[in-house]
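All residue numbers refer to positions in the sequence shown, counting from 1.
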Amino acid sequence: MFVNDLLIESYYKVLLKTCLTGLFESHSATAAAPATSMHGPPANMFDTVPGYEGTVAGGGGGYLPPPMPSVPMPVPEQAPSPPDWHIPSISEDRAREAFATYVSSKCCYSSAPVREGVITNMESFNTYRYRLETFMESRSTEWSQEPYTGQPVDAGVQPAPGPWQIAAQPPAFFQEHKQTIKVPYTSSVKNCHLCLGMGRNPCTTCAGAGNKVCWVCNGSGYRHSDDRCTHCNGRGRENCSSCSSSGSCQCDTCRGKRQLLVFINLNVKWSIEKDEFVAQDSSGLRVEKLEEVSGKELFKDAQNMVYPVRGFPDVSVAQASERFVRDHQRQTIELIAITKVNYMWKGKPNVYYVYGNEFKVNADDYPATCCCSVM
């Protein structure tokens, strides 16, 4: 009974996240979109399709929350036995090599502390990064159109399938992706609303006149004093090159076809929601520095539902797992190794840090810097 309640609770939490994400994206799209043009598609251009009543043209509407699963959700596999949490450490040679690489990348740092400094102590401060991820699929719809050139017209042939009944090709697990699918049995033919089915619109360059004011004489017919304008032969106007003097141009919406195929597009989006927790340490290295590096993956568990991590040596990580695990499908734990290196140079103690798989170095108080200026 507990497992079924957990699965239902998890479904509704993911549903709420998906709904909020969709509503935010719809609001953002509406806010970012320009004001509707007076030549925009009229509302009566689109048919009423059962199950798609909220669909509008150009996006910003028609967001569709997922239905409740019609079959029982899979039960999580048995919780794995706690692994052996092996804590690695770096050698003095590796620490010195990382330090040398760091100093060589700084134009104003002398290499003397690297060559002459004596390491007196190395302390390991291992920090754990715990990450929980949800792989989410969301769907939204919008009315779309394209010039009609004889494509199949199927609106009304039979009821259109529901938005969550349409098969989509999902990407690999935990890879973000977008896919657009034309909804079957929603395609119909309408006269183009922009050119009123004529296939052409008045030329905007010459306002439909076929000619415009001569740019050389500004319409006077003369250039200097009584010199007749040779560009327009004294007419004061020249032929419009945009419409070849016809006064009209091909309609950009229907591309001269006079009719549009109107249909509903289903937009499918796969995205990843993440929660992250970094266990605090007492090394003195700023936590934001850890965003620059990766760590050694100690644990990974991916399934429809995951168990909280058990037996982990850092209690705060286990507690974070307990809090997050109900909303996610994949959990990982990275060990970010931090080594505090104490060394002596010219009789004074100094410190630098080596951290992450990349062996990055942080030495805020490097003892041998100079001021460089470009003349």
Side-chain angles (χ1 to χ4, degrees), residues 81-133 274-301 309-321 324 331-375:
S81 58
D84 178 22
W85 308 110
H86 175 64
I87 310 300
S89 59
I90 67 171
S91 66
E92 184 175 313
D93 288 342
R94 191 68 187 85
R96 193 181 296 277
E97 179 185 346
F99 194 32
T101 301
Y102 168 77
V103 171
S104 66
S105 69
K106 305 291 185 178
C107 67
C108 297
Y109 281 24
S110 166
S111 61
V114 178
R115 299 191 313 269
E116 303 165 5
V118 178
I119 294 178
T120 58
N121 184 35
M122 291 176 54
E123 303 173 73
S124 294
F125 295 89
N126 298 299
T127 297
Y128 304 98
R129 180 161 53 207
Y130 176 63
R131 183 181 293 122
L132 280 164
E133 299 171 280
K274 296 180 182 179
D275 280 324
E276 198 169 272
F277 170 80
V278 177
Q280 295 296 320
D281 67 83
S282 56
S283 67
L285 180 68
R286 297 194 303 274
V287 174
E288 57 267 23
K289 287 288 184 180
L290 303 182
E291 297 176 1
E292 305 170 358
V293 298
S294 60
K296 177 183 179 182
E297 189 175 274
L298 298 179
F299 174 76
K300 183 176 182 179
D301 182 22
V309 174
R310 305 293 185 187
F312 195 73
D314 191 310
V315 176
S316 63
V317 172
Q319 291 173 342
S321 175
F324 296 161
Q331 56 182 346
T332 57
I333 298 177
E334 283 181 297
L335 169 68
I336 304 177
I338 302 174
T339 302
K340 183 178 181 180
V341 182
N342 299 276
Y343 70 100
M344 296 290 294
W345 184 64
K346 292 189 175 181
K348 294 182 179 180
N350 295 278
V351 173
Y352 66 89
Y353 296 90
V354 183
Y355 56 100
N357 285 345
E358 297 81 2
F359 299 106
K360 287 185 74 71
V361 169
N362 178 252
D364 289 337
D365 299 318
Y366 191 70
T369 62
C370 64
C371 295
C372 299
S373 62
V374 179
M375 301 302 292

Practice item. List the steps, then state whether side chain to side chain contact (heavy atoms under 4.5 Å, CB included) holds for Val341 with Val361. Key: CA-CA 10 Å; Val341 182; Val361 169; over 6 Å; no
Side-chain donor-acceptor pairs of residues 347-358 under 3.5 Å, sequence neighbours excluded:
from, atom 1, to, atom 2, distance (Å)
Asn350, ND2, Lys348, O, 3.0
Tyr352, OH, Ala95, O, 3.2
Tyr353, OH, Ser283, O, 2.7
Tyr355, OH, Glu292, OE1, 3.4
Asn357, OD1, Lys296, N, 3.4
Asn357, ND2, Ser294, OG, 3.4
Asn357, ND2, Gly295, O, 2.8
Glu358, OE1, Ser294, N, 3.1
Glu358, OE2, Ser294, N, 3.3
Glu358, OE2, Ser294, OG, 2.8

Check residues 109-119 and write down every donor-acceptor pair under 3.5 Å in which the side-chain atom is one partner and the other belongs to a residue at least two apart or another chain.
from, atom 1, to, atom 2, distance (Å)
Ser110, OG, Ala112, N, 3.1
Ser111, OG, Arg115, NH1, 2.4
Glu116, OE1, Trp345, NE1, 3.0

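For Asp364, the salt bridge (Lys or Arg N to Asp or Glu O under 4.0 Å) test picks out Arg286, with sequence neighbours left out. Under the salt bridge (Lys or Arg N to Asp or Glu O under 4.0 Å) criterion, Arg96 pairs with Glu92, not counting sequence neighbours. Applying the side chain to side chain contact (heavy atoms under 4.5 Å, CB included) criterion to Asn121, with sequence neighbours excluded, gives Glu123, Asn342.
Looking at Thr127 and Val287, their side chains never come closer than 4.5 Å, going by heavy atoms from C-beta outward. Annotation: side chain of Phe99 is in contact with side chain of Tyr366 (closest heavy-atom distance under 4.5 Å).
Between Lys274 atom NZ and Thr332 atom OG1 the span is 9.0 Å, to the nearest 0.5 Å. For the atom pair CG (Leu290) and CD1 (Ile338), the distance works out to 5.0 Å, reported to the nearest 0.5 Å. How far CD1 of Ile90 is from CD of Glu97: 10.0 Å, rounded to the nearest 0.5 Å.
The minimum heavy-atom distance linking Thr339 with Met122 is given by the pair CG2-CE, 3.7 Å.
For residues 332-346, the pairs satisfying salt bridge (charged side-chain N to carboxylate O under 4.0 Å, His left out) are Arg129-Glu334, Arg131-Glu334, with sequence neighbours left out.
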